[in-house]
Amino acid sequence: MDVRKKTASDKTAALNLLQEHHQKYQTIALVLQGGGALGAYQAGVYEALDQAGLHPNWVAGISIGALNAAIIAGNAPEHRVARLREFWESITRPQLFPAWFTPPMDPAAWELPWQNGLSGLAALRALTEGQPGFFTPRPFPLMPWRASPASASWYDTAPLKTTLERLVDFDRINHKTSMRVSVGAVNIRTGNFAYFDNTEGDLRVEHFMASGALPPGFPAIEVDGEFYWDGGMVSNTPLYKVLSDPACRDSLVFQVDLWSARGELPRDLAEVTTRSKDIQYSSRTRLITEYMAQRQRQQRILHDLMKLVPEDQRNHLAYKQAEVHASGALINLFHLIYRNKPYEGHYKDYEFSVDSMRLHWTSGMDDMLCTLDEPEWFERPTPEHPFITHDVHCED
């Protein structure tokens, strides 16, 4: 898709049309996948939405997506972007070498290997030193006296708890007029997936940390007597939660993925590791989307057929049963996917350098701005086509 150059008046008209379209939706959902350090891409997407005045009333996340969701939902709209930036700047660190330092050789020969080396070094530092405001290595993690689910891990995430408590207003998250928040985790004892939702009970810092407790790096988090691990172990996207909601209404959904299900064939072991992560954590988003689109079309047909039933037959048991499964909702789904940078390796999800964070953030913002440049895409679907999907692919 080409990004068209527009005059100021064209941009104003496009923004007005965008606002007109998005006001026709009852639900505006932001769906955030897990992906560690790549999560800054989601922050960039949100900043672009904020600039356009599109404020979600439902945010659902898993792992790093849950942490971004906490920052968004736990702050006033006018402070969310600043708090997201503060969060990401708190948990990243500058490169070991300053940006102006370059090796004395031909730039065409060293630029990509040099970037790859810096990225790998940043990832190695994360493994050996931890990340400020996020996690620290445990001393002697294999010692037998560490016989507890809350300490059986390579790293201690106590710094993350402090960071979230500093940046997130949990009273705001749990206020009855706040946006809806859903975060996914896995119950270790049962192996079942669980969603924590502020429409069903108050959310605390532990709920968000549980969603991002990826073993064996991070410890299990106790919530109300049960221990939980990262939701990405079962499903790395909360898209199904949003689309299968019983109260599903006309919805504008932004699905922000950090892993691409499609990619090139790997040529060496490092690429094998990278590609296997992409496939594992992409969580078959397209498959879920296709399934939910088919289901929504069927529910819409049932909804329309029920209008043909005479009034005197609507107390029949079959009609009552069908009523539960029918839906007249119209869904417009935008699928944004982070694209790997040439220098990134299999460690991209734990490479927390400031430079990479800023590139991820800028990529998310650019992709979302590119999408917003097409306001006609935001028009509400028709009953004939109740579920529309836009796969966003912007040119660099």
Side-chain angles (χ1 to χ4, degrees), residues 33-44 63-64 67 85 87-138 141 154-155 157 159-160 212 214 216-218 232 257-282 337-367 394-396:
Q33 192 185 65
L38 303 176
Y41 177 84
Q42 297 170 343
S63 197
I64 196 66
L67 304 186
R85 194 169 297 280
F87 171 71
W88 280 97
E89 289 177 350
S90 295
I91 66 171
T92 54
R93 69 171 88 231
Q95 296 279 18
L96 189 60
F97 296 100
W100 52 262
F101 179 81
T102 56
M105 58 182 78
D106 179 13
W110 60 254
E111 186 172 10
L112 187 58
W114 179 250
Q115 286 181 315
N116 180 264
L118 289 178
S119 181
L121 182 59
L124 179 62
R125 293 186 69 192
L127 289 178
T128 57
E129 302 175 33
Q131 288 300 130
F134 198 165
F135 58 91
T136 57
R138 290 189 187 277
W154 291 108
Y155 302 97
T157 53
L160 175 61
L214 184 63
F218 297 160
D257 285 2
L258 304 177
W259 307 88
S260 178
R262 297 178 180 177
E264 300 295 329
L265 289 174
R267 296 164 297 181
D268 54 41
L269 286 177
E271 290 184 1
V272 166
T273 304
T274 301
R275 190 72 197 106
S276 65
K277 274 190 174 182
D278 283 339
I279 294 172
Q280 178 183 358
Y281 291 119
S282 64
I337 309 174
Y338 173 75
R339 293 165 294 166
N340 293 335
K341 301 294 184 291
Y343 67 86
E344 289 181 316
H346 61 86
Y347 42 75
K348 60 187 177 181
D349 53 325
Y350 56 91
E351 198 270 79
F352 284 91
S353 70
V354 169
D355 291 346
S356 289
M357 179 272 288
R358 289 171 179 164
L359 282 174
H360 299 154
W361 189 300
T362 300
S363 295
M365 191 169 181
D366 288 346
D367 285 354
C394 301
E395 298 292 336
D396 290 327

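In what follows, residues are counted from 1 in the order of the sequence shown. Computed from a prediction, not measured in an experiment: that's the story for all the values here. In what follows, every heavy atom counts, from backbone to side chain, and hydrogens, waters and symmetry copies are set aside.
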Measuring from I64:CD1 to L258:CG, what's the distance to the nearest 0.5 Å?
9.0 Å
Reported OH-to-CG distance for the pair Y155 and L127, which is rounded to 0.5 angstrom
4.5 Å
Partner residues of F134 under the ring pair (Phe, Tyr, Trp, His ring centres under 6.0 Å) criterion, sequence neighbours left out
F218, F352
CE of M357 to CZ of R85, rounded to nearest 0.5 Å, is 7.0 Å
E129 with R125: basic N within carboxylate O range, under 4.0 Å
yes
Main-chain N/O of G35 paired to D349 side chain as donor or acceptor, under 3.5 Å:
no
Do you know which two heavy atoms are closest between N116 and Y343, and how far apart they sit?
ND2-O, 2.8 Å
Considering all heavy atoms of both residues, which atom of Q131 and which atom of I91 are nearest to each other, and what is their separation?
NE2-O, 2.9 Å
So, taking the atom named CD in E344 and the one named CG in L38, what distance separates them when rounded to the nearest 0.5 Å?
6.0 Å
Note: K277 and Y350 closest approach over all heavy atoms is NZ-CE2, 3.9 Å
At their closest point, which heavy atom of E271 faces which heavy atom of L265, and how far apart are they?
OE1-O, 4.1 Å
If every non-hydrogen atom of H360 is compared with every non-hydrogen atom of A37, which pair is closest and at what distance?
ND1-O, 3.4 Å
Closer than 3.5 angstrom, by distance alone: can the side chain of W259 be matched with the main-chain N or O of G34 as a donor-acceptor pair?
yes
Heavy-atom closest pair, residues P159 and T136
CG-CG2, 4.0 Å
Check step by step if side chain to side chain donor-acceptor pair (under 3.5 Å) holds for S119 and K341.
CA-CA 11 Å; S119 181; K341 301 294 184 291; over 6 Å; no
To the closest 0.5 Å, what do you measure between CD1 (I279) and CZ (R262)?
12.5 Å
Exam field: side chain Y338 to backbone S260, donor-acceptor pair closer than 3.5 Å
no
Quick one: does E351's side chain have a donor or acceptor within less than 3.5 Å of a partner on A122's backbone?
no
Side-chain donor/acceptor of Q33 to backbone N/O of S282, under 3.5 Å:
yes
